[in-house]
Visitor: 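Starting off with a structure, shown below.
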Amino acid sequence: MAGGADRSKDGPAGRDASVTDFPLPVRGVEQREADARHAGERLPELLARGLRRLAITFVNHSGAVLVKGVPLERLPQVARDGVGFSPVADAFGATGLIDPLQSLARPDGDLRLIPVLDTIQPLDPDTGWAWAAGERHHLDGSLYALDQRGFCRRQSALAGPEAGGSGLGLTAGFEIEWMVGRAGGPDGWQAAVAGGPYGTDRLIEGLDYLSALADGLDAAGLPWLQLHPEYGSGQFELSLAPGEPLQAADRLVAARLVIQRISSRFGLRCSFSPMLAPDLVGNGGHLHLSATREGSPLLGGGTGPGGLTAEGEALVAGLLEQLPALLPLACSLNVSFLRLAPGRWAAPFQVWGVENREAALRLIPAGPAGEPAQLELKVADLSANPYLLLGGVMAAIGEALRQPRPLPAPVVGDPAATSAGAAPRLPLSLADALVAFRASPVLREAMGEALHRTVAEARDAEVRRGEGLSQVDLIASTCCWPLSGG
Ligand code: GLU
Ligand code: MG
């Protein structure tokens, strides 16, 4: 861990000319003072709720949630000035170690991690911990070009609900799948809650755990729609309520922390790894999207296939075309690509279909209670940095609507059973997906050269980490993802 915490406190500005290739917003003095005042106004209410400590997080290029904790009383000062964080944090790889070949693997520089005040919520009220999403800025107040949440926020402003005059609205929500177990056993992992797929027996076996989890989510102000056992051994699933894209990403981060906390309180480990054993189903982190134009749904109520409107067709067609390039943002581990095999409902085919669970894009028609029609991106897993993923998806949607292309016919039935070539597979490895990511002008332009390049470097590091490892060792190396060490 060369270069980390010690150097992050009061180091020099760390401005790297290569990361400022386009203008980024600056938090001027007035903004900083306004944030300090706003924080001071919120503080009494937070303290009155028993909150005493604040965990400020960001998600690095490898999808790990990194944190600085501060006494909550310091909120006004921290809201103004942030806390130090070394830029090397984006060179931490899947197992937390710095890859020395990455350009960010440098000992110098410092950034300020600023808590986003309207995201503050309880994390574990019994211990007084609150949580806030953070965004990293340079010491002069300008947004750090590599800040993942900053990228997502910029894309929301362009393609999302606030898009100036475009009237385009996007809503997103994640499903979280995880396995509950204990490290050990012949596969390096043993399921800890018995019971069959979707089984009420597993619900009952795990009822104390799930009840504590539901309480934890409620206490953290995280709205959820469904919680139940999934198909795999010891596997559960939580569907988070949809919201604006940035909010959906924040909710995913916070909900995973709550799941980790409750699991460890029960003496259990939870794993969000896409693959825990070669013959088990994996954990997905499916992304649900709905879209409107001037308030009217784009993915339903139209006359196109599956009820798509003309713009909905363009959206699906564009997203489908860009899926290979988006894959390194949706699946950042080598083992992600072991999960993306046919027959696991991880949907590894570059096709779309109505209610087709093997199609990378599954169109879900409008629900009986007025739920809008949705598109489910099933390939995504929880190694994704949700801010990068949503930012990339919004960039792809923006481009898809600007440059409409024809939509192929939906696939009915198992894509693996269609005639050869009719249902192309998505890239089979991280290295292959990375070629498409690097070649994508849409993503490079939206992310900015430096963010695009350094995310690719982070994936290169993961590819290198996997070289020479057997499949079993590879799976074991991230079996408790995101937990590493110990
Ligand atoms: N566990 C499957 C995956 O890896 C998804 C199962 C489902 O919810 O359809 O994505
Ligand atoms: Mg599921």
Side-chain angles (χ1 to χ4, degrees), residues 63 172-181 189 191 193 195-200 202-203 206 210 213 224-242 248 252 255-256 259 270-289 323 326-327 329-365 367 374-384 386 389 411 413-416 425-428 430 433 474-475 478-479 481-482:
F174 281 96
E175 287 174 12
I176 304 178
E177 293 182 340
W178 75 101
M179 298 204 184
V180 179
W189 178 262
V193 184
Y198 289 89
T200 314
R202 195 186 304 162
L203 177 83
L210 290 178
L213 178 55
W224 53 277
L225 303 177
Q226 291 187 24
L227 174 63
H228 51 81
E230 243 286 354
Y231 186 81
S233 309
Q235 191 179 34
F236 291 97
E237 171 169 316
L238 171 72
S239 305
L240 293 168
L252 174 66
R256 271 178 26 179
I259 294 170
C270 59
S271 173
F272 303 103
S273 172
M275 274 303 267
L276 277 86
D279 49 356
L280 291 183
V281 294
N283 289 316
H286 306 179
L287 172 61
H288 289 249
L289 296 164
L323 273 185
L326 284 167
L327 219 48
L329 301 182
C331 301
S332 61
L333 292 171
N334 289 307
V335 295
S336 297
F337 291 79
L338 299 178
R339 166 181 166 259
L340 293 180
R344 293 171 173 271
W345 289 13
F349 295 93
Q350 193 183 2
V351 298
W352 77 283
V354 180
E355 288 292 15
N356 191 330
R357 289 176 179 76
E358 279 283 81
L361 293 177
R362 169 190 175 202
L363 182 67
I364 306 171
Q374 298 167 42
L375 205 53
E376 183 183 24
L377 179 62
K378 286 182 69 83
V379 290
D381 69 45
L382 295 164
S383 66
L389 172 58
V411 167
D414 187 351
R425 282 286 298 274
L426 285 163
L428 299 179
L430 185 53
L474 195 58
I475 291 173
T478 49
C479 123
W481 170 264

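All ligand and atom numbering here is 1-based and tracks the order in the structure. Values below: all heavy atoms of this structure, side chains included; hydrogens, waters and symmetry mates excluded. Numbering starts at 1 and runs along the sequence shown.
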Visitor: With heavy atoms under 4.0 Å as the rule, classify the contact between His286 and ligand 1 as side chain, backbone, both or neither.
Guide: side chain

Visitor: How far is atom 8 (O) of ligand 1 from its nearest protein heavy atom, and which residue and atom name does that atom have?
Guide: Glu230 OE2, 2.9 Å

Visitor: Which of the atoms of ligand 1 are close to Arg344, meaning less than 4.0 Å from one of its heavy atoms?
Guide: 2 (C)

Visitor: To the nearest 0.5 Å, how far apart are CE in Met275 and CG in Leu333?
Guide: 12.0 Å

Visitor: Identify the heavy atoms of Leu225 and Ala241 that sit nearest to each other, and give their distance.
Guide: CG-CA, 3.9 Å

Visitor: As an exercise, identify every atom of ligand 1 less than 4.0 angstrom from a heavy atom of Gly284.
Guide: 3 (C), 4 (O), 10 (O)

Visitor: If you have a sec, work out which protein heavy atom is nearest atom 2 (C) of ligand 1 and how many Å separate them, to one decimal?
Guide: Glu177 OE1, 3.4 Å

Visitor: Within the distance-only criterion (no hydrogens, no angle test), does the side chain of Asn283 pair as donor or acceptor with the backbone N or O of Leu382 below 3.5 angstrom?
Guide: no

Visitor: Side chain or backbone, does Gly282 bring an N or O within less than 3.5 Å of an N or O on ligand 1?
Guide: yes

Visitor: Between atom CZ of Phe174 and atom CG of Leu389, what is the distance when rounded to the nearest 0.5 Å?
Guide: 5.0 Å

Visitor: Considering non-hydrogen atoms only, spot the tightest contact between Trp481 and Ser383 and give its length.
Guide: NE1-CA, 3.6 Å

Visitor: Shortest non-hydrogen contact from Lys378 to Trp345?
Guide: CE-O, 3.2 Å

Visitor: What is the nearest protein non-hydrogen atom to atom 4 (O) of ligand 1, stated with its residue, atom name and distance?
Guide: Arg339 NE, 2.8 Å

Visitor: What residue and heavy atom of the protein are closest to atom 9 (O) of ligand 1, and at what distance?
Guide: Lys378 NZ, 2.9 Å

Visitor: Tell me how many protein N, O or S atoms are closer than 2.8 Å to the Mg ion (ligand 2).
Guide: 3

Visitor: Where do Gly199 and Pro229 come nearest, in terms of heavy atoms and distance?
Guide: O-CG, 3.3 Å

Visitor: Between His288 and Ile364, what is the shortest heavy-atom contact and its length?
Guide: CE1-CD1, 3.6 Å

Visitor: For a quick test of reading the model, state the closest non-hydrogen atom pair linking Tyr198 to Glu230 and the distance between them.
Guide: OH-OE2, 2.9 Å

Visitor: Please check if the side chain of Arg362 supplies one atom and the backbone of Asn356 the other of a donor-acceptor pair under 3.5 Å.
Guide: no

